[in-house]
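Every number for a ligand or one of its atoms is a count from 1 in the order of the listing.
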Amino acid sequence: KFMGELMGLNVLEEQLKGKLQAKKVLILPGNSDEHDWVKREMGRACVTFLQSIVKERMIIAVTGGTTMAAVANAMTPLSKNGDYLFLPARGAIGEKAEDQSNRIVTEMAEKANGDYRLLYVPDPLSETAYQTLVKEPSIQDVLEQIKSANIVIHGIGDAITMAKRRKTSKEIILKLQSNTAVSEAFGYYFDESGKIIHKVRTLGIQLEDLVSIDHVIAVAGGKSKAKAIVSYFKQGKSDLLITDEAAAKQILRG
Ligand code: BG6
């Protein structure tokens, strides 16, 4: 029976790959909306995949969120002589401390025997502060490293869920609703066709930077994220999606 289930997931993976036009898809059993262990399994699958691609002195940039926290939780030394650098992909964009990328990269680096650097950016970031900070040498230094990342690992969220979690202003929530935003990743909000509706102002990786990064890994599961995943993949061409069975089945039904 177990083998049968595994083979079933392989079939789902092929179907989902076609539907999303993704290069590679990995599906874990279950529904992470309902069971935390499913998110933990996605985290472990992500670490196993990292082990298969990582090379010495690579730079790994990571976003925030509970799914990325699960990846950090599952982190182990990636290879014998590591020397990796973990960095937050972007400045803080409204997550609580526990789920902020700065904290997550610290845990990842400690567990992987790697190094880390943090990006200290106020949140929210005003236009004037932004203009000043991008010129700050210590910040420029980290930004350059972020832009030269070899691997990016990121979450995908439902647009309105993420906007509320970030205590986004009423005006912006209205803008998202009237433009029917459905997904969010890297602080960008997208509609069903993948069009950018809104973008949180912060420093770090911009969507267009992803094109030149070798491995972009999206980790997102749960039936509630089905629409968000489809929407994100219209625009953001990540190389690998790690998801769960419930999200996959819901996407294929839609
Ligand atoms: C955020 C990422 O921190 O996590 C977002 O910056 C992503 O891009 C979100 O949408 C997903 O959060 P979670 O908790 O559902 O993994």
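- A parallel orientation is assigned to the rings of Y188 and F190, their planes being inclined by less than 30° (bins at 30° and 60°).
- Evaluation of the ring pair (Phe, Tyr, Trp, His ring centres under 6.0 Å) test over residues 93-145, restricted to residues two or more places apart or in two chains, returns none.
- Under a 4.0 Å N-O distance rule, the pair E184/R166 qualifies as a salt bridge.
- Salt bridge annotation for E144-K147: absent, with no cationic side-chain nitrogen under 4.0 angstrom from a carboxylate oxygen.
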Can you give me a line-by-line list of nitrogen or oxygen pairs between ligand 1 and the protein shorter than 3.5 Å?
from	atom 1	to	atom 2	distance (Å)
ligand 1	3 (O)	G64	O	3.0
ligand 1	3 (O)	G65	N	3.1
ligand 1	3 (O)	E95	OE2	2.7
ligand 1	4 (O)	G64	O	3.2
ligand 1	8 (O)	E184	OE1	3.1
ligand 1	8 (O)	E184	OE2	3.4
ligand 1	8 (O)	F186	N	2.9
ligand 1	10 (O)	G157	N	2.8
ligand 1	10 (O)	E184	O	3.1
ligand 1	10 (O)	E184	OE1	2.4
ligand 1	12 (O)	R165	NH2	3.2
ligand 1	14 (O)	T66	N	2.7
ligand 1	14 (O)	T66	OG1	2.5
ligand 1	14 (O)	R165	NH1	2.9
ligand 1	14 (O)	R165	NH2	3.1
ligand 1	15 (O)	K225	NZ	2.6
ligand 1	16 (O)	T66	N	3.4
ligand 1	16 (O)	T66	OG1	3.4
ligand 1	16 (O)	T67	N	2.9
ligand 1	16 (O)	T67	OG1	2.5

Please report, to 0.1 Å, the donor-acceptor pairs under 3.5 Å made by any side chain of residues 66-77, with sequence neighbours excluded.
from	atom 1	to	atom 2	distance (Å)
T66	OG1	K39	NZ	2.8
T76	OG1	Q51	NE2	3.2

Please list every donor-acceptor pair under 3.5 Å in which a side-chain atom of residues 218-228 meets a protein atom from a residue at least two apart or in another chain.
from	atom 1	to	atom 2	distance (Å)
S224	OG	D33	OD1	2.9
S224	OG	D33	OD2	3.1
K225	NZ	I156	O	2.8

